[in-house]
Amino acid sequence: MPSRADRRPTLAVWKFASCDGCQLTLLDCEDELLAIAEQVEVSHFLEASSASLPGPYDLSLVEGSVTTPQDAERIRHVRAVSRRLVTIGACATAGGVQALRNYADVAEFQAVVYARPDYIDTLATSTPISAHVPVDFELRGCPIDRRQLIEVITAYLAGRTPDVPAHSVCFECKQRGTVCVTVAHGTPCLGPVTHAGCGALCPAYDRGCYGCFGPSNSTNFPSFIPLLRRDGMDTLDVVRVLRTFNTAAPEFDAASRKELER
């Protein structure tokens with residue numbers, strides 16, 4: 001058996017409640033993925049292969065939120081067998097769009113959707129992985145950005161901290177020379193409070209940012225929300241735009257709740 005120094009690092013990819021989009025981002029890396037595969041041993045990745053080797057794993061990538069009692073138990077096991085655990089995507093980092101259940105009666109949802117809701121074993125909330133176990137790094141996005149994903153994987157393989165920017169989407173607009181849609185057209189845009197990573201895709205096509213990458217590391221909602229109102233949004237509009245992909249992110253959640261208290 002090869003020594004730890006001689007063997008390749010092991011990588012595992014896990015799915016919880018999600019659409020699989022972030023795992024597909026990894027598969028879509030194509031040439032980069034082939035290069036990574038030469039440097040690591042992919043031990044568990046059911047989206048790509050039915051083969052599964054037992055841990056422990058040097059790096060685990062976790063997609064999806066915790067929505068069932070079984071999820072809560074399984075993520076503790078994943079954490080126990082993972083040297084490093086990185087959450088990928090809005091579901092894993094902020095509960096995902098399914099966290100809209102957090103504001104309603106989940107039993108009512110079950111009764112509407114399922115003919116026999118008594119067969120459904122679910123939690124009343126959808127929560128991020130970090131609410132249940134320690135996480136080494138959170139990679140945001142819906143879906144994640146392939147460049148950032150490659151940076152995180154290679155950083156851990158090299159034994160360094162990932163270099164993922166913490167600034168807002170506004171910075172990315174300036175980088176690509178995109179005219180501010182709010183200043184130029186009065187278009188409501190979450191760019192000033194949203195984490196960078198998408199390359200400012202929506203503003204490049206004259207659309208406001210929808211907040212896919214969650215809150216940036218510095219948000220100022222007391223100053224930002226009046227801008228949304230100035231551009232035509234009422235209270236329900238503001239709440240709806242904050243309660244999408246990252247509705248359970250603490251900053252978005254607090255801002256939306258405060259709006260409803262107005």
Side-chain angles (χ1 to χ4, degrees), residues 1-96 98 123 126-164 197 213-214:
M1 181 176 181
S3 67
R4 183 178 179 85
D6 295 332
R7 70 171 176 81
R8 290 183 296 168
T10 50
L11 172 69
V13 184
W14 309 87
K15 172 184 165 58
F16 285 75
S18 65
C19 71
D20 287 21
C22 293
Q23 293 182 79
L24 290 175
T25 298
L26 176 56
L27 292 175
D28 286 343
C29 289
E30 297 178 346
D31 292 342
E32 298 95 331
L33 183 58
L34 291 175
I36 290 173
E38 294 178 353
Q39 302 298 319
V40 303
E41 180 178 6
V42 182
S43 300
H44 178 88
F45 189 3
L46 296 183
E47 185 81 9
S49 171
S50 59
S52 179
L53 300 176
Y57 309 99
D58 291 299
L59 176 62
S60 278
L61 304 178
V62 179
E63 177 194 71
S65 64
V66 174
T67 59
T68 69
Q70 293 77 19
D71 285 343
E73 180 179 350
R74 188 161 65 97
I75 192 56
R76 289 192 291 269
H77 167 72
V78 172
R79 175 70 270 187
V81 297
S82 304
R83 181 166 171 262
R84 293 281 187 269
L85 190 151
V86 173
T87 51
I88 57 173
C91 296
T93 61
Q98 60 268 30
L123 298 173
S126 172
T127 47
I129 299 301
S130 61
H132 300 267
V133 297
V135 169
D136 293 292
F137 192 84
E138 293 184 318
L139 187 62
R140 303 179 185 181
C142 186
I144 52 175
D145 177 73
R146 57 185 291 176
R147 296 163 299 178
Q148 291 189 350
L149 176 61
I150 295 300
E151 162 59 20
V152 169
I153 294 174
T154 55
Y156 280 115
L157 289 177
R160 61 176 175 82
T161 301
D163 182 17
V164 175
F213 276 66

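Every heavy atom of this structure was used, including side-chain atoms; hydrogens, water molecules and symmetry mates were not.
- Side chain to side chain, Glu63 and Ser18 meet the donor-acceptor criterion of an N or O pair below 3.5 Å.
- Ser60 approaches Trp14 most closely through the heavy-atom pair OG-NE1, 3.0 Å.
- Within the cation-pi definition used here (under 6.0 Å to the ring centroid, within 45° of the axis), Arg74 qualifies as a partner of Phe16.
- In this structure, the side chain of Asp58 engages the main chain of Thr10 through a donor-acceptor pair within 3.5 Å.
- Rounding to the nearest 0.5 Å places CZ of Arg140 at 14.5 Å from CG of Asp145.
- In terms of heavy-atom proximity, Leu149 sits nearest to Ile144 at CD2-CD1, 3.8 Å.
- Although no hydrogens or angles enter the test, the distance criterion places a donor-acceptor pair under 3.5 Å between the side chain of Arg79 and the main chain of Pro134.
- For the atom pair CZ of Phe45 and CD of Gln23, the computed distance is 5.0 Å after rounding to the nearest 0.5 Å.
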Does the side chain to side chain contact (heavy atoms under 4.5 Å, CB included) test come out yes or no for Gln148 and Val152, once each step is laid out? CA-CA 6 Å; Gln148 291 189 350; Val152 169; 5.5 Å; no

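- Across all their heavy atoms, Gly64 and Ile129 have their closest contact at O-CD1, 3.5 Å.
- Heavy-atom contacts from other residues, nucleotides or ligands closer than 6.0 Å to CD of Glu41 number more than 12.
- Considering only heavy atoms from C-beta on, Val62 stays 4.5 Å or farther from Val86 through its side chain.
- Contact detail for Ala17 and Cys91: the closest heavy-atom pair is O-CB, 3.7 Å.
- Here the side chain of Arg83 pairs no donor or acceptor atom with the backbone of Tyr57 at under 3.5 angstrom.
- Counting only heavy atoms from C-beta outward, the side chains of Leu27 and Glu47 approach each other to under 4.5 Å.
- In this structure, the separation between CD1 on Ile88 and OG1 on Thr93 is 10.0 Å, given to the nearest 0.5 Å.
- Annotation: the span from Arg146 atom CZ to Asp28 atom CG amounts to 7.0 Å, rounded to 0.5 Å.
- Between the Ser50 side chain and the Leu46 main chain, no donor and acceptor come within less than 3.5 Å of each other.
- Between Val40 and Arg8 the shortest heavy-atom distance is O-NH1, 3.0 Å.
- For the atom pair Arg76 CZ and His132 NE2, the distance stands at 8.5 Å (nearest 0.5 Å).
- Between Thr87 and Leu139, the closest side-chain pair of non-hydrogen atoms is not below 4.5 Å.
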Could you walk me through whether Leu61 and Leu11 pass the side chain to side chain contact (heavy atoms under 4.5 Å, CB included) test, one step at a time? CA-CA 8 Å; Leu61 304 178; Leu11 172 69; 4.0 Å; yes

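- No side-chain donor-acceptor contact under 3.5 Å links Thr67 and Ser126.
- Going from atom CZ of Arg147 over to atom CD1 of Ile150 covers 11.5 Å, rounded to the nearest 0.5 Å.
- No side-chain donor-acceptor contact under 3.5 Å links Ser82 to the backbone of Leu85.
- For the residue pair Gln98 and Ser65, the shortest heavy atom distance occurs at NE2-OG, 2.9 Å.
- Judged purely by atom type and a 3.5 angstrom limit, Arg160 has no side-chain atom pairing as donor or acceptor with the backbone of Tyr156.
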